[in-house]
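Quick notes on the structure that follows.
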Amino acid sequence: MILIADDDLAVRTSLGLLLKQAGYATRAVATPEAVLAAVQETLPRLLLLDMNFSLDTSGHDGLELLAQLKRLYPALPVVLITGWGSITLAVEGMKAGAAEFITKPWNNDALLQTIRTILRLHEPDAETDPTGLSRRQLDRQYDFRAIVGQDARLLQVLRNVGQVAATDASVLIEGESGTGKELIAEAVHQNSQRRRQPFVKVNLGGISASLFESEMFGHRRGAFTDAKTDRVGRFELANGGTIFLDEIGELDLSSQVKLLRVLQDRTYEVLGDSKPRRLDIRVICATNRNLTEMVQQGRFREDLFYRINLITVRLPALRERPEDIPLLVQHFVDGLRATYHRPALKVGTRARHWLQEQPLPGNIRELKNLVERAVLVSGKDELGPDDFQAQFQPTPARIPEPGELPEPGTITLDELEARMIRRTLEHYGGNISRVAKALGLSRGALYRRLEKYAIPFDAE
């Protein structure tokens, strides 16, 4: 049974009819006291809880009721119902233990999808035995062919991925650079009901603020200067499938607002076309940043943070699962045998042990590059420790914080110039005239540098 709690009769009636048509048994109540009595009588599978039960519409009565319910029934999943202007309160509710929030007026399909997802997440598969976890068992249930490893930490991640994939829950993948976040995103898609639909990857770190709407939502011919033809946005390309938003921590605040609107309403507008379009997508995000710290610093919207991380998957660094390094090395060597037509290629036991002892801060990506360099440079069929030591490159210096100059010898002048141009473009919203003035360049000189560094821009 799903319990509907709202003081508005029209809302209770509308939700009751919608859920009945979808095959759910429901019960509707109008006051906090009735909610507590109904839950005590029969614990529902899910509670749809309005934020307001009084005329002041502050939402505090809803938050107090939520806190009381979570103390008494911590396992009860609660979905908050709020207006767009009260999203800040909904975020407070998420902190207090709510599973998700929806805004009025809601989209029926999106609401039903949310309910299905929450119910599935709170009713784990009884056939899955966490104590008997093995790679062989996981491979019998799910498609993880692209992922190499059998470390316990990785297996726990894969188990979570397999369980979550069957839902439409938004997933946030956290982990250091090179840990395989894109592979995990693809695994979520491949094991979902959307596997035959598009899987669209978007590197948000490579999209400037001025181009965000055009890239993500598309545009009509003539929507802005240089819009010579229609452009299909990434969301439209992903419709019906999954969109993977990589490096979401790089997104500027103004673009975060636009993204939040789309993820909340599941609608968007193409630039130059005022007709709203519906979206049916699953959203997977990834970052190597600490989004919690960014929220505290005011650099990432808290409401967006709670919208994208219904489920969080944290990937272990390669140094945390050294036993998987020989398996990864073998996987890379198998591929290189075919690529370079060297069937006798292999890595010696001592070399495998040496690689296991390395910190490899670049994780799987660094290991793969190291193996390929050693294969290409050594020319041997069997690689030893010396072949890898000769190609081992020291860890690059850390990237300086904003406003901090890099250490001498860690960056070229061209790289520093390109970085400054990108930051200035973002700061001035892509206004070429203001960017050129701020950098002390003529427009022509700025255009030449934009082309030199392949930096996208809007021509004026």
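Sequential numbering from 1 along the given sequence is applied to the chain's residues. It should be emphasised that the depicted structure is a prediction, and the values quoted were computed from it without experimental measurement.
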May I ask you to test the [X]-[Y] pair for a side-chain heavy-atom distance under 4.5 Å?
X: Ile184; Y: Ile147; result: yes
X: Leu260; Y: Gln256; result: no
X: Pro316; Y: Val157; result: yes
X: Glu186; Y: Phe244; result: no
X: Trp106; Y: Ser14; result: yes
X: Tyr306; Y: Asp303; result: no
X: Arg159; Y: Leu138; result: yes
X: Leu119; Y: Tyr24; result: yes

Measure the spacing between [atom1] of [X] and [atom2] of [Y] and express it to the nearest 0.5 Å.
X: Ile455; Y: Ile421; atom1: CD1; atom2: CD1; value: 5.0 Å
X: Phe235; Y: Met216; atom1: CZ; atom2: CE; value: 4.0 Å
X: Leu76; Y: Arg45; atom1: CG; atom2: CZ; value: 12.0 Å
X: Arg319; Y: Leu360; atom1: CZ; atom2: CG; value: 9.5 Å
X: Arg314; Y: Lys181; atom1: CZ; atom2: NZ; value: 13.5 Å
X: Asn52; Y: Asp61; atom1: CG; atom2: CG; value: 6.0 Å

Would you check if the side chain of [X] reaches a backbone N or O of [Y] as a donor-acceptor pair within less than 3.5 Å?
X: Asp168; Y: Gln113; answer: no
X: Lys70; Y: Ala96; answer: no
X: Thr179; Y: Glu176; answer: yes
X: His219; Y: Val232; answer: no
X: Glu372; Y: Leu336; answer: no
X: Asn191; Y: Asp143; answer: yes
X: Arg321; Y: Leu318; answer: no
X: Lys368; Y: Asn363; answer: no
X: Thr13; Y: Leu9; answer: yes
X: His427; Y: Val435; answer: no

Let me see the working for Arg365 and Ser177 under side chain to side chain contact (heavy atoms under 4.5 Å, CB included), right down to the final yes or no.
-> CA-CA 8 Å; Arg365 185 182 297 121; Ser177 179; 2.9 Å; yes

Apply side chain to side chain contact (heavy atoms under 4.5 Å, CB included) to Tyr142 and Val161, showing your working. CA-CA 9 Å; Tyr142 309 110; Val161 166; over 6 Å; no

So which atom in [X] and which in [Y] form the shortest heavy-atom distance, rounded to 0.1 Å?
X: Gln356; Y: Pro322; result: NE2-O, 3.2 Å
X: Leu253; Y: Arg299; result: CD2-O, 3.7 Å
X: Tyr268; Y: Arg278; result: CE2-O, 4.4 Å
X: Leu154; Y: Gln150; result: CD2-N, 4.3 Å
X: Pro74; Y: Arg71; result: CD-O, 4.1 Å
X: Ala185; Y: Phe199; result: O-CE1, 3.8 Å

Worksheet item: Have Thr114 and Glu100 got a donor and an acceptor in their side chains that come within less than 3.5 Å?
Response: no

Regarding Asp334 and Gln330, is there a side-chain donor-to-acceptor distance under 3.5 Å anywhere?
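Yes, Gln330 and Asp334 have a side-chain donor paired with an acceptor closer than 3.5 Å.
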
In terms of side-chain geometry, is the basic nitrogen of [X] or [Y] positioned less than 4.0 Å from the acidic oxygen of its partner?
X: Lys104; Y: Asp6; result: yes
X: Arg194; Y: Asp280; result: yes
X: Lys95; Y: Glu92; result: yes
X: Arg12; Y: Asp50; result: no

Report, as yes or no, whether the 6.0 Å neighbourhood of atom [atom1] on [X] holds more than 12 heavy atoms from other residues, nucleotides or ligands.
X: Lys437; atom1: NZ; value: no
X: Gln40; atom1: CD; value: no
X: Gln193; atom1: CD; value: no

Between Val202 and the options Glu247, Glu215, Arg234, the side chain to side chain contact (heavy atoms under 4.5 Å, CB included) test singles out Arg234

ask   = Of all residues at least two apart in sequence or in a different chain, which pass the side-chain contact (heavy atoms from CB on, under 4.5 Å) check with Glu269?
value =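 Partners of Glu269 under the side-chain contact (heavy atoms from CB on, under 4.5 Å) test: Pro276.
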
> Excluding sequence neighbours, so at least two apart, what forms side-chain contact (heavy atoms from CB on, under 4.5 Å) with Ser254?
Replying inline: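 Here the qualifying residues are Asp252.
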
Practice prompt. Go through Leu19 and Ile115 one step at a time and tell me if the side chain to side chain contact (heavy atoms under 4.5 Å, CB included) criterion holds.
Written response: CA-CA 10 Å; Leu19 296 181; Ile115 289 172; 3.4 Å; yes

| task | Step by step, work out the side chain to side chain contact (heavy atoms under 4.5 Å, CB included) result for Leu425 and Leu450. | result | CA-CA 10 Å; Leu425 269 171; Leu450 292 170; 3.7 Å; yes

Name the atoms and distances for all side-chain donor-acceptor pairs under 3.5 Å in residues 281-295, with sequence neighbours left out.
residue	atom	partner	partner atom	Å
Arg282	NE	Ala169	O	2.9
Arg282	NH1	Ala165	O	3.0
Arg282	NH1	Thr167	O	2.6
Arg282	NH2	Val164	O	3.0
Arg282	NH2	Thr167	O	3.4
Arg282	NH2	Ala169	O	3.0
Thr287	OG1	Arg289	N	2.9
Arg289	NE	Glu250	OE2	3.1
Arg289	NH2	Glu250	OE1	3.2
Arg289	NH2	Glu250	OE2	3.1
Asn290	OD1	Thr292	N	3.1
Asn290	OD1	Glu293	N	3.1

Notebook entry, point to check: After noting the C-alpha distance and the side-chain angles of Asp273 and Lys275, does the key distance pass the salt bridge (charged side-chain N to carboxylate O under 4.0 Å, His left out) rule?
Noted result: CA-CA 6 Å; Asp273 184 354; Lys275 181 181 178 182; over 6 Å; no

